[in-house]
Trainee: 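Mind having a look at this structure? Questions to follow.
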Amino acid sequence: MKLTFDNETIWLVSGVLALLVIATALGQFLRVREQDEKSAKTVQNLNARIKAWWMMVTVFALAMLTGGIGSVVLFGLTSFLALREFITLTPTKPGDHRTLFWVFFVITPIQYWLVATGWYGLFAIMIPVYAFLFVPLRSALSGDCERFLERAAKIQWGLMVCVYCVSHAPAILFLNIPGYEGQNGKLLFFFVLVVQISDVMQYVWGKTLGQHKIAPHVSPSKTWEGFVGGIATATLIGTGLWWATPFTPLQSAGMSLAITLMGFAGGLVMSAIKRDRNVKDYGTVIEGHGGVMDRIDSICFAAPVFFHLTRYYFT
């Protein structure tokens, strides 16, 4: 699929770059000020996040420049790395190794090939139906029945979250939206931007005003003040970006609210898994953000909802 780069795309990219420049300048300003130990740690974490954002925005922009296939490859590699972190965090047994080979090197590539070819009928059911049936069968053939159900559930859950759900993000590029042909890159940009801004603003509002924790035993940093402030800010920004989408301002507001709420849900659920495994992050590959899964947890839950809402109402 060839993506069109028009004035609206340039405005979107320029806006993100401007935000990063402002954030970088603010981070450096805060760094040079005298601070107590707690404040210094917060500023250090903030600057690490900004640095990571520069890297991630650059990679995402390069993928978009290559067209739809480049974005599919980027999200495919992201799914692969996220699934690796998930399986490492929820270890299986030697009897599952051949099953995992199929999961990583056959099922995951097939899922993204189906996205790239626009084969929606099979893309939508390949993992929930065929992989769901295949994974326990392949594990059963190993002959290891110890904690069999738990092991199969771990693999299937990881496959659904890290591959199936995430694959809906690049699938946005292949939706046939009347009057919006060739502009789907802006819609993917809109989706990722709103979800990630929601994450960032929940962090900012939570650090500045957060008092009342939502689920202290699951994610101690998530507060009601951060939740409301982050969701409201991201929804307002998403509404203001309606001109880059096939939506009206009201529809853009509804879509933004839906994906920010689902993004919050994804972050909370994936945090519960980390608390269960007694770890802070899924990995360390992204400085300031932990692992790949720590960065895309909100996308995991938001992508399929946004994709299917768009497909049902606008195609």
Side-chain angles (χ1 to χ4, degrees), residues 1-9 11-13 60-61 63-79 108-129 160-198 234-235 237-239 241-263 266 296 298-315:
M1 176 185 177
K2 184 176 179 58
L3 302 180
T4 301
F5 289 88
D6 52 18
N7 290 334
E8 292 176 348
T9 304
W11 275 108
L12 284 173
V13 174
F60 183 72
M64 292 288 288
L65 285 172
T66 64
I69 298 302
S71 298
V72 170
V73 171
L74 171 63
F75 279 98
L77 290 174
T78 300
S79 282
T108 298
I110 288 177
Q111 176 69 8
Y112 278 91
W113 175 77
L114 294 172
V115 171
T117 57
W119 193 348
Y120 173 79
L122 189 53
F123 149 73
I125 65 171
M126 201 273 288
I127 289 178
V129 177
M160 280 293 295
V161 171
C162 302
V163 181
Y164 180 72
C165 288
V166 175
S167 69
H168 284 77
I172 294 168
L173 296 172
F174 301 91
L175 288 171
N176 184 21
I177 303 173
Y180 199 70
E181 292 81 1
Q183 303 182 67
N184 292 36
K186 291 185 292 188
L187 192 58
L188 176 59
F189 198 103
F190 167 85
F191 165 72
V192 174
L193 182 63
V194 171
V195 172
Q196 296 303 324
I197 282 180
S198 178
T235 299
I237 291 174
T239 304
L241 293 174
W242 67 271
W243 46 267
T245 73
F247 315 138
T248 66
L250 183 59
Q251 291 167 342
S252 185
M255 286 292 205
S256 298
L257 179 61
I259 60 180
T260 52
L261 289 175
M262 292 308 302
I296 67 167
S298 53
I299 289 177
C300 292
F301 275 47
V305 172
F306 182 71
F307 174 87
H308 287 292
L309 284 175
T310 303
R311 185 177 183 274
Y312 184 82
Y313 288 108
F314 296 95
T315 65

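Computed from a prediction, not measured in an experiment: that's the story for all the values here. Each residue takes its place number in the sequence, starting with 1.
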Trainee: Does any part of the side chain of Asn184, heavy atoms only, come nearer than 4.5 Å to the side chain of Leu188, both counted from C-beta?
Mentor: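 The answer is no; the side chains never approach within 4.5 Å.
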Trainee: Considering non-hydrogen atoms only, spot the tightest contact between Ala302 and Ile259 and give its length.
Mentor: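 Ala302 and Ile259 have their closest heavy atoms at CB-O, 3.5 Å.
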Trainee: Taking side chain as C-beta onward, heavy atoms only, is Ile299 less than 4.5 Å from Phe191?
Mentor: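 SC-SC contact between Ile299 and Phe191 confirmed.
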Trainee: Using side-chain heavy atoms (C-beta onward) and a distance below 4.5 Å, is Leu122 in contact with Ile125?
Mentor: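 They are in contact (side-chain heavy atoms under 4.5 Å apart), so the answer is yes.
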Trainee: Going by the rule ring pair (Phe, Tyr, Trp, His ring centres under 6.0 Å), which residues pair with Phe190 if we only count those two or more places apart in sequence or in a different chain?
Mentor: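 For Phe190 there are no ring pair (Phe, Tyr, Trp, His ring centres under 6.0 Å) partners, ignoring immediate neighbours.
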Trainee: Heavy atoms only: give me the nearest Phe307-His168 pair and the separation to one decimal.
Mentor: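 Answer, listing the atom of Phe307 first, then His168: CD2-CD2, 3.6 Å.
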Trainee: Looking at CG of Leu257 and OG1 of Thr239, how far apart are the two atoms once the value is rounded to the nearest 0.5 Å?
Mentor: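 That separation rounds to 9.0 Å.
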Trainee: Are Glu181 and Asn176 side-chain neighbours, meaning at least one heavy-atom pair lies under 4.5 Å?
Mentor: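 In contact.
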Trainee: How many angstroms lie between CZ in Phe314 and CG in Leu187, if you round to the nearest 0.5 Å?
Mentor: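 Here the rounded value is 9.5 Å.
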Trainee: For residues Trp243 and Leu241, determine if any side-chain heavy atom of one lies less than 4.5 Å from a side-chain heavy atom of the other.
Mentor: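 Trp243 vs Leu241: side chains touch.
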Trainee: Looking only at heavy atoms, which two atoms of Ser256 and Ala234 are closest? And how far apart?
Mentor: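 Shortest heavy-atom contact: CB-O, 4.4 Å.
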Trainee: Mind listing the closest non-hydrogen atom pair of Thr260 and Thr235 along with its distance?
Mentor: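 Minimum heavy-atom contact is OG1-OG1, 3.8 Å.
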Trainee: Check the pair Trp242 / Leu250 against side-chain contact (heavy atoms from CB on, under 4.5 Å), numbers first and verdict last.
Mentor: CA-CA 9 Å; Trp242 67 271; Leu250 183 59; over 6 Å; no
Trainee: Distance check, rounded to the nearest 0.5 Å: Ile296 atom CD1 versus Cys162 atom SG?
Mentor: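 If I round to the nearest 0.5 Å, the distance is 6.0 Å.
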Trainee: Pick out which of Val72, Thr78, Leu77 makes a side-chain contact (heavy atoms from CB on, under 4.5 Å) with Leu74.
Mentor: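 Result for side-chain contact (heavy atoms from CB on, under 4.5 Å) with Leu74: Thr78.
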Trainee: Apply side-chain contact (heavy atoms from CB on, under 4.5 Å) to residues Phe306 and Met255 and explain how you reach the verdict.
Mentor: CA-CA 7 Å; Phe306 182 71; Met255 286 292 205; 4.1 Å; yes
Trainee: Hey, are the side chains of Ile237 and Val194 touching, using non-hydrogen atoms and a 4.5 Å cut-off?
Mentor: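 Heavy-atom side-chain distance check fails, nothing below 4.5 Å.
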Trainee: Do Gln251 side-chain atoms and Pro249 backbone N/O form a donor-acceptor pair below 3.5 Å?
Mentor: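 Checking the backbone N and O of Pro249 against the side chain of Gln251, no donor-acceptor pair under 3.5 Å is found.
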Trainee: Quick check on the 6.0 Å ring-centre criterion: do Phe174 and Tyr120 meet it?
Mentor: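 No; Tyr120 has its ring centre 6.0 Å or more from that of Phe174.
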Trainee: Report the distance from atom CZ of Phe123 to atom OG1 of Thr117, rounding to the nearest 0.5 Å.
Mentor: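 OG1 of Thr117 is found 10.5 Å from CZ of Phe123.
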Trainee: First locate atom NE2 of His308, then atom CG of Leu175, and finally report the distance between them rounded to the nearest 0.5 Å.
Mentor: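 Answer rounded to 0.5 Å: 9.5 Å.
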Trainee: Kindly say whether Gly76 contributes a backbone atom to a donor-acceptor pair with the side chain of Ser79 at under 3.5 angstrom?
Mentor: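 Judged by distance alone, no pair lies under 3.5 Å.
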Trainee: Would you say the side chain of Tyr164 lies within less than 4.5 Å of the side chain of Pro304, judging by non-hydrogen atoms?
Mentor: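 Side chain of Pro304 against side chain of Tyr164, heavy atoms only: no contact under 4.5 Å found.
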Trainee: If you count every heavy atom of other residues, nucleotides or ligands that lies below 6.0 Å from Trp119 atom CH2, does the total exceed 12?
Mentor: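 For Trp119, atom CH2 is not crowded (no more than 12 foreign heavy atoms under 6.0 Å).
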Trainee: Can you name the nearest heavy-atom pair linking Cys165 to Ala303, along with the distance?
Mentor: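 That would be O-CB, 3.5 Å.
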Trainee: Any side-chain to backbone donor/acceptor pair from Ser252 onto Gly238? Under 3.5 Å, distance only.
Mentor: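 The answer is yes, because a donor-acceptor pair under 3.5 Å joins these two groups.
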Trainee: Hey, are the side chains of Ser167 and Tyr112 touching, using non-hydrogen atoms and a 4.5 Å cut-off?
Mentor: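 Result yes, sub-4.5 Å side-chain heavy-atom pair found.
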